[in-house]
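One structure is given below, encoded as structure tokens.
In this text, all values refer to a predicted model and were calculated from it rather than measured experimentally.
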Amino acid sequence: MILEIKDLYVSVEDNIILQGVNLTVKGGETHAIMGPNGTGKSTLASICMGHPKYKIESGDILLDGESIINKTVDERSRMGIFLAMQNPTEVPGVTNFDFVKAALQTRMEEGKHLRVGKFILEFEKASENLKMGKGLAHRFLNQGFSGGEKKRNEILQMQLIKPKFAFLDEIDSGLDVDALRIVGENVTNQKSSDLGLVLITHYQRLLDYIVPDYVHIMINGMIVKTGGKDLIEKIDSEGYDWVKTELGITDFDVRKAPVSLGTCPSKSLK
Amino acid sequence: MKIPTYLDTKNQVVIFKDNEWINKSIAVLKDDFLDVSETETLFIYVEDYLKENINLNLKEKAKTTIYMIFKTSVPKHYEIKINLDQNAELDVFSVVRNVEKTQLTINRKFELAKSSNLKIRNALLNMGETSLNDSVNLNGEKAEVNMDLLNVGSYNDIFKVNQDVSHKAKWTVSNITNSLISNSNSKLDYSVSGRIFKGNEHSSCRQTNKGIILSEYGDIGVIPKLFIDEYNVEASHGAAIGQIDEEQLYYLLSRGLTETEARSLIISGYTKPFVANIVDEDIKELVERQILKRINEADIL
């Protein structure tokens with residue numbers, strides 16, 4: 001199991017956000033990506049999931065050696081990619097139970113059906129583990145959820161869907177201390193050689209609970225430094241300026257993607 | 001007389017068909033009013049009834065659930081009056097089952113006395129041109145009405161719906177929730193009015209309208225109106241109409257649902273909460289089948 005991001009350039013609305021990102025995540029590994037606001041961390045997660053807003057200018061994303069950049073969002077999901085979103089969308093009228101059931105059913109071979117009894121038990125257990133309360137199954141998807149509940153609901157989905165690679169995009173934002181511990185413990189319990197994790201975060205506190213194997217610093221759309229846990233403490237105490245100084249990085253305006261101005265009229269010469 | 005098989009097993013049925021009506025219930029016909037006070041659950045089936053007027057009465061403290069099923073093959077117009085005496089409770093569920101394109105007009109007038117409680121649930125899932133006018137007068141203090149409507153339009157269906165609630169006493173409550181789905185060339189035209197007259201303080205009048213347009217030429221128009229002539233009241237209204245939300249679609253796709261499955265699930269978010277409140281299993285199944293048919297027969301998925 002391996003997810004490879006190769007020299008990836010990504011733009012949104014003609015602004016180039018990612019500028020040659022390289023990252024390899026193997027099953028069982030946990031990677032943390034940190035960096036200042038607006039450096040492309042969430043863009044990286046979204047483009048791996050296939051969000052239509054983002055455009056790949058060049059580069060590739062490979063899952064077990066197969067390029068997924070031409071795959072649709074749902075195909076990527078069924079291949080094993082999962083994104084726990086920063087702002088999970090509310091879907092009124094659709095219950096959590098129906099939603100997760102549909103997500104699992106669609107992964108089954110044609111003609112086979114989900115064993116509902118077993119699914120109910122698994123759903124209730126995951127809900128209990130994440131302290132989501134007994135009524136979660138019948139609540140509408142993310143509607144009326146607090147910020148913390150939305151994040152825990154993302155982890156619940158991850159537990160039930162069992163992806164191969166999961167991006168957790170600022171899963172710690174909006175969580176109080178207890179909720180952070182619950183999320184951290186649940187994600188850690190799910191760690192196995194069958195799951196590669198990419199954590200996107202600004203804070204050390206999440207990484208106290210979900211210990212990463214690798215820490216990457218992303219600045220200006222590039223991964224500029226990779227290290228171990230020692231990097232986290234330094235970032236937490238000193239910020240990112242030392243990285244910029246050490247590597248000679250200057251802040252710059254977002255690059256514009258080349259735009260065609262049209263073609264010149266031509267005349268054929270006799 | 002042929003009636004739907006799902007009504008065969010019901011104990012309390014009144015049938016209005018062609019030029020006659022058959023009472024297979026303990027409801028009593030008196031002075032042109034069908035007194036439904038003694039029935040706990042009553043099924044009223046109306047098919048091409050030649051007379052226009054149907055009048056129902058609910059006595060003091062009576063508690064009744066009525067399922068009204070309309071089926072029409074020729075243009076029809078009905079005038080229905082329903083009176084609720086003090087402390088009466090009525091839950092009236094209506095479904096129109098036109099299988100042919102025709103014109104149907106239903107004008108209903110509800111009069112509510114003190115502390116009476118009315119629930120109106122309308123399922124408009126039929127073909128053709130339909131005009132529904134529900135007018136509710138909250139005449140007595142603490143009278144309350146809750147209106148919940150689901151409308152799925154397809155092909156060239158036209159629905160014109162007028163909902164009008166008048167608060168004519170203090171401490172009266174009204175809540176209107178409309179869930180509207182338009183596909184193909186269907187047109188859904190809604191006028192929703194709440195009126196609180198002077199002196200009827202502590203009243204509450206709320207309207208929620210949500211609509212989803214699934215095709216290029218589908219059309220939903222809602223005019224939510226409040227006419228408030230008293231200061232010490234609560235009132236709110238709103239209408240949210242649009243196409244399938246792209247972020248909702250992306251979220252569902254990101255969990256592996258195909259686009260067809262995701263769209264279907266989002267649409268079910270409009271229909272399922274309505275269906276979940278139908279108690280009678282036969283009627284629930286009927287409505288579910290009809291929703292599915294209307295959605296599948298159209299080119300939305």
Only heavy atoms, only distances under 4.5 angstrom. Which residues in [range] are near chain B?
| range | result |
| --- | --- |
| residues 147-170 of chain A | A/Glu154, A/Gln157, A/Ile161 |
| residues 108-145 of chain A | A/Phe140, A/Leu141, A/Asn142 |
| residues 84-102 of chain A | A/Ala84, A/Met85, A/Pro88, A/Thr89, A/Glu90, A/Val91, A/Pro92, A/Gly93, A/Val94, A/Asp98, A/Phe99, A/Ala102 |

Between A/Ser77 and B/Ser254, what is the shortest heavy-atom contact and its length?
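Heavy atoms only, the tightest pair is OG-O, 3.2 Å.
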
Are there over 12 heavy-atom neighbours, none belonging to B/Glu40, within less than 6.0 Å of that residue's CD?
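No.
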
For the NZ atom on B/Lys160, are there more than 12 heavy atoms of other groups (residues, nucleotides or ligands in this structure) within a distance under 6.0 Å?
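Incorrect, the count does not exceed 12.
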
Nearest 0.5 Å, please: how far is OH in B/Tyr250 from CG in A/Asp74?
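The distance works out to 11.5 Å.
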
Which region of B/Gln248, side chain (C-beta onward) or backbone (N, CA, C, O), has a non-hydrogen atom less than 4.5 Å from a non-hydrogen atom of chain A, or is it both or neither?
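Contact with chain A: backbone and side chain both.
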
In residues 117-125 of chain B, which residues are in contact with chain A at a heavy-atom separation under 4.5 Å?
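Listed by number, there are no contacting residues, so the answer is none.
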
Is A/Arg78 reaching over with its side chain to a backbone N or O of B/Gly256, donor-acceptor style, under 3.5 angstrom?
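Yes; at least one donor-acceptor contact below 3.5 Å.
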
Could you check whether any side-chain heavy atom of A/Thr106 comes within less than 4.5 Å of a side-chain heavy atom of B/Thr258, counting everything from C-beta outward?
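The answer is yes; the side chains approach within 4.5 Å.
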
Select one option (side chain, backbone, both, neither) describing which atoms of A/Arg76 are under 4.5 Å from chain B's heavy atoms.
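Neither; nothing under 4.5 Å.
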
Give the C-alpha distance, both sets of side-chain angles, the deciding distance and a yes or no for side-chain contact (heavy atoms from CB on, under 4.5 Å) between B/Arg255 and A/Phe82.
CA-CA 7 Å; B/Arg255 299 306 187 245; A/Phe82 182 89; 3.5 Å; yes

Looking at chain A, which one of B/Gly269, B/Ser268, B/Ala276, B/Ala262 has the largest number of heavy-atom pairs inside 4.5 Å, strictly under?
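Top option by heavy-atom pairs under 4.5 Å: B/Gly269.
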
Among B/Lys272, B/Lys210, B/Glu246, residue most engaged with chain A (heavy-atom pairs, under 4.5 Å)
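So the answer, after comparing B/Lys272, B/Lys210, B/Glu246, is B/Lys272.
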
